[in-house]
Chemist: 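Below you'll find the structure I mean.
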Protein chains: 2
Amino acid sequence: MPVTLKELAARASVHPSTVSRVANRDPKLRIAAGTRDRIEALLKETEYRPNGVARGLKLRQTFVLAVVIPDITNPFFAGLFRGIEDGTAPHGYNVLLCNTDGSIARQQSHLQSLNARRVDGVVLASTFLNDPAVRWLRHQRIPYVLVNRFSDEGNDPFVGSDDVAGAYLATRHLIELGHNRIGHLAGQATVSTGMLRRRGYRAALAAAGLAADPELEAEAGYAEDGGALATQRLLSLDNPPTAIFAVTDMTAIGTYAVARRMNLRIPQDLAIVGYNDIPLASRLIPGLTTVHVPIHEFGTAAARILLDQVEKGEVSPKRVVFTPELVVRGSTVSDFPV
Amino acid sequence: MPVTLKELAARASVHPSTVSRVANRDPKLRIAAGTRDRIEALLKETEYRPNGVARGLKLRQTFVLAVVIPDITNPFFAGLFRGIEDGTAPHGYNVLLCNTDGSIARQQSHLQSLNARRVDGVVLASTFLNDPAVRWLRHQRIPYVLVNRFSDEGNDPFVGSDDVAGAYLATRHLIELGHNRIGHLAGQATVSTGMLRRRGYRAALAAAGLAADPELEAEAGYAEDGGALATQRLLSLDNPPTAIFAVTDMTAIGTYAVARRMNLRIPQDLAIVGYNDIPLASRLIPGLTTVHVPIHEFGTAAARILLDQVEKGEVSPKRVVFTPELVVRGSTVSDFPV
DNA sequence: TAAGATAGAGCAATCGTTTGTTCAACGCAA
DNA sequence: TTGCGTTGAACAAACGATTGCTCTATCTTA
């Protein structure tokens with residue numbers, strides 16, 4: 001058992017409060033140099049570290065944050081987590097990681113548990129539109145910040161990218177390459193990124209005077225297998241697309257798998273654009289053209305917003321929206337250098 | 001502020017301890033049916049959840065575990081984490097994630113912090129040989145389990161694979177394909193996997209009557225860039241290897257990048273074998289031949305061992321060692337089906 | 001020398017639960 | 001009526017730290 005304040009007090013023949021004040025270098029109270037030195041020596045010798053649980057109870061602050069995401073094995077969220085940890089660790093926080101696998105029930109159960117643990121704040125990256133969990137967080141007065149996806153437009157602290165603009169860039173790129181049947185592997189309509197990226201896709205088509213063909217939009221979700229299934233559906237159309245814009249890179253990877261199985265050449269037979277620019281995108285063959293967003297900075301920005309709430313009690317919801325950039329690689333341009 | 005026991009007690013005109021016993025369904029003490037119902041109704045109505053911090057202080061158990069790894073963006077560790085969470089969440093635990101980036105200082109600082117927080121146990125996957133941090137954990141009597149890497153042979157709770165056997169399999173595979181100059185991208189000699197996989201590599205060479213050429217062993221570490229650098233060194237030898245066994249898949253990916261830059265065909269000009277079989281391995285082109293280990297089960301097994309210590313107070317160090325299997329793909333066999 | 005200021009450290013309440021012990025009231029048998 | 005066994009719930013002491021307040025010396029100063 002680690003040493004306690006009381007034990008140290010007994011050994012130094014002083015009151016526990018005195019030891020506490022020395023350990024915390026309490027500026028408000030003077031301690032005689034002699035006793036201070038004696039106690040400090042004891043602190044070093046015993047390597048005293050205050051019990052974080054007791055401290056959390058008294059101070060009503062645990063220095064624990066939580067990150068709630070769909071799945072850490074998705075490289076996007078792994079990068080995001082690193083950003084958050086890198087942004088909060090220097091301030092003495094530890095971070096709980098909770099995976100929801102996209103299940104609203106698991107999300108809620110995690111949040112309940114986090115609340116009971118009195119975490120100081122939550123980064124929520126698994127939210128969907130009109131999410132009751134977000135209202136619940138607000139009601140419980142738990143500091144939180146939404147990342148990548150939002151729930152109610154404009155009302156919550158948020159870090160993300162301009163999804164409409166990003167999707168517009170991606171689609172316009174394909175149009176400029178001469179494609180006029182462009183499929184979209186869409187995210188769920190219940191998720192902000194799904195809704196907005198679809199909107200950007202349609203806007204780009206409209207701006208180019210291309211008719212939007214509902215057949216060319218297939219809900220695929222955010223994982224590889226959903227992307228593969230939806231791609232198969234699109235490619236089995238009577239008049240299949242020659243290019244595909246996928247709502248995320250992971251979704252696009254599903255397209256790669258199908259294209260390979262069907263012996264379609266990328267990009268000659270099928271051009272592909274993704275979204276997020278996860279590290280994996282540049283390692284695919286051919287490299288995946290995608291919409292770049294600063295994943296790690298999503299995390300550090302979210303960390304800053306959250307800590308501002310926790311430590312400074314900031315109340316006005318901050319929003320950080322990054323402007324996405326198109327990164328062209330071999331999945332759309334055949335003579336792209338390796 | 002969430003409701004407390006004391007407030008509920010006041011509302012029900014009973015003592016807090018009575019509410020506590022109702023909430024916990026304390027079997028040892030009888031409560032009159034009437035008061036029990038009254039209190040239970042109140043518990044539902046207010047959605048009372050005990051304050052985890054206060055509970056942790058009293059019970060000396062926090063239901064928080066920690067996972068210490070080099071880097072969550074490495075898919076191996078992401079999969080491992082999922083295994084751990086999947087194995088512990090059903091028992092009511094939350095999990096802190098700590099990245100060390102391989103720095104011994106960061107590892108120690110994380111462990112100090114975790115100890116101060118009174119986490120119930122630690123999964124340590126970033127240890128090295130003869131690691132003082134492991135002795136420290138033992139001394140502090142913090143339940144722990146080592147994963148993938150061990151510190152002192154045979155003395156700690158451990159989950160991993162038979163590294164020597166796995167490396168032997170990989171190297172023998174290359175020998176059977178006719179290679180006789182086989183390079184090894186080695187892990188650090190200070191890490192058990194580095195040491196043992198190198199040993200397995202040498203054993204396979206010896207068994208085949210091939211001389212071990214020290215020039216063919218290049219320390220590469222466990223990340224892509226180290227793998228790339230070491231590959232360049234090997235390939236610029238007077239008599240370069242025709243095949244490479246990399247200590248991990250991520251290291252092997254560095255080799256892919258170099259081979260591509262140098263216009264070497266895989267496997268015709270350079271055959272490659274990795275270790276771990278991360279999901280990415282099968283998505284590379286060509287697919288990476290590698291030594292498969294059950295990553296997710298590493299996590300669930302570690303979870304079980306840790307919980308046995310925490311909940312049953314098990315003291316005898318358990319060891320779970322999986323037998324690795326070779327997975328052959330296109331990086332060693334050119335006519336491998338896509 | 002008396003009064004007031006100040007330095008230094010102890011006191012005690014508190015954060016929210018848990019749990020062994022005590023205690024009052026009631027029922028029932030002798 | 002006395003006494004004893006039960007029942008049901010209150011009491012109170014932790015768990016380990018923090019912090020406003022009190023209190024006693026000692027020191028200034030007039």
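Reminder, nothing fancy here: chain letters follow the sequence lines and each chain counts from 1. Quick caveat: nothing in here was measured; it's all calculated off a predicted structure.
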Chemist: How many whole angstroms separate atom CZ of Arg60(A) from atom P of dT14(C)?
Modeler: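 Taking CZ of Arg60(A) and P of dT14(C), I get 13 Å after rounding.
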Chemist: Let me know the distance between CD of Gln61(B) and P of dT18(C), rounded to the nearest Å.
Modeler: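 Going from CD in Gln61(B) over to P in dT18(C) covers 12 Å.
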Chemist: Expected output is a numbered-order residue list: members of residues 4-20 of chain A with a heavy atom under 4.0 Å from any atom of DNA chain D. What is it?
Modeler: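 Thr4(A), Leu5(A), Lys6(A), Ser17(A), Ser20(A), in order of number.
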Chemist: Can you list the steps and then say if Thr73(A) with Asp71(A) is a side chain to side chain donor-acceptor pair (under 3.5 Å)?
Modeler: CA-CA 5 Å; Thr73(A) 66; Asp71(A) 182 11; 2.7 Å; yes
Chemist: Would you check, one step at a time, whether the test side chain to side chain contact (heavy atoms under 4.5 Å, CB included) holds for Val14(B) with Val19(B)?
Modeler: CA-CA 7 Å; Val14(B) 295; Val19(B) 183; 3.7 Å; yes
Chemist: Specify the separation, in whole Å, of atom CZ of Arg49(B) and atom P of dT17(C).
Modeler: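 In whole Å, dT17(C) P lies 12 Å from Arg49(B) CZ.
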Chemist: How close or far is atom P of dC15(C) from atom CE of Met1(B), stated in whole angstroms?
Modeler: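 After rounding, the gap between these two atoms is 12 Å.
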Chemist: What is the distance from CG of Asn51(B) to P of dC15(C), rounded to the nearest Å?
Modeler: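 It works out to 12 Å between those atoms.
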Chemist: Give the intermediate values and the outcome of side chain to side chain contact (heavy atoms under 4.5 Å, CB included) for residues Glu40(B) and Arg25(B).
Modeler: CA-CA 10 Å; Glu40(B) 276 181 345; Arg25(B) 311 199 169 311; 3.0 Å; yes
Chemist: Between Val134(B) and Tyr144(B), is a side chain to side chain contact (heavy atoms under 4.5 Å, CB included) present by the stated rule, with each step listed?
Modeler: CA-CA 9 Å; Val134(B) 175; Tyr144(B) 67 93; 3.9 Å; yes
Chemist: Is there a residue in residues 31-42 of chain B whose heavy atoms reach under 4.0 Å of DNA chain D, and which residues are they?
Modeler: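 Close to the strand are Ile31(B), Ala32(B), Thr35(B).
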Chemist: Given Tyr93(A), which partner from the list Val119(A), Asp120(A), Thr62(A) fulfils the side chain to side chain contact (heavy atoms under 4.5 Å, CB included) test?
Modeler: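 Of Val119(A), Asp120(A), Thr62(A), side chain to side chain contact (heavy atoms under 4.5 Å, CB included) with Tyr93(A) is met by Asp120(A) alone.
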Chemist: Which distance, rounded to the nearest 0.5 Å, do you find between the OG of Ser151(A) and the CZ of Arg138(A)?
Modeler: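 It is 7.0 Å, given to the nearest 0.5 Å.
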Chemist: State, yes or no, whether a side-chain contact exists between Val159(B) and Asn148(B) at a heavy-atom distance under 4.5 Å.
Modeler: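 Val159(B) does not reach Asn148(B) side chain to side chain.
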Chemist: Sorted by first residue and then second, give each salt bridge (Lys or Arg N to Asp or Glu O under 4.0 Å) pair with at least one member in residues 299-318 of chain A; sequence neighbours left out.
Modeler: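 Residue pairs with at least one partner in residues 299-318 of chain A: Asp308(A)-Lys312(A), Asp308(A)-Lys318(A), Glu314(A)-Lys318(A).
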Chemist: Which residues satisfy the side-chain hydrogen bond (donor to acceptor under 3.5 Å, both in side chains) test with Lys44(B), sequence neighbours excluded?
Modeler: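 With neighbours one apart ignored, the set is empty.
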Chemist: Could you go through the side chain to side chain contact (heavy atoms under 4.5 Å, CB included) check for Thr18(B) and Ile31(B) one step at a time?
Modeler: CA-CA 8 Å; Thr18(B) 306; Ile31(B) 311 277; 4.1 Å; yes
Chemist: Whole angstrom is fine here: how far is it from CG in Asn24(B) over to P in dT19(C)?
Modeler: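 Between P of dT19(C) and CG of Asn24(B): 7 Å.
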Chemist: So for the helix from dT1(C)-dA30(D) to dA30(C)-dT1(D), with five pairs setting each end axis, what is the inter-axis angle to 10°?
Modeler: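 Rounded to the nearest 10 degrees, the bend comes out at 70°.
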Chemist: Quick check for you: to the nearest 0.5 Å, what is the distance between Leu8(B) atom CG and Leu42(B) atom CG?
Modeler: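 Leu8(B) atom CG to Leu42(B) atom CG measures 5.0 Å (nearest 0.5 Å).
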Chemist: List the steps and the verdict of side chain to side chain donor-acceptor pair (under 3.5 Å) for Asn94(A) and Ser113(B).
Modeler: CA-CA 8 Å; Asn94(A) 282 101; Ser113(B) 164; 2.7 Å; yes
Chemist: Classify the nucleic acid contact of Arg21(A) as base, sugar-phosphate or nothing, counting any heavy atom under 4.0 Å across all strands shown.
Modeler: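 Base contact.
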Chemist: Answer yes or no on whether Arg149(A) is positioned over the face of Tyr222(A), meaning its NZ or CZ is under 6.0 Å from the six-membered ring centre and within 45° of the axis.
Modeler: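 Arg149(A) over Tyr222(A) ring: yes.
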Chemist: Which is the 5'-most and which the 3'-most nucleotide of DNA chain D that has an atom under 4.0 Å from a heavy atom of chain B?
Modeler: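 Going 5' to 3' along DNA chain D, contacts run dT7(D) to dG16(D).
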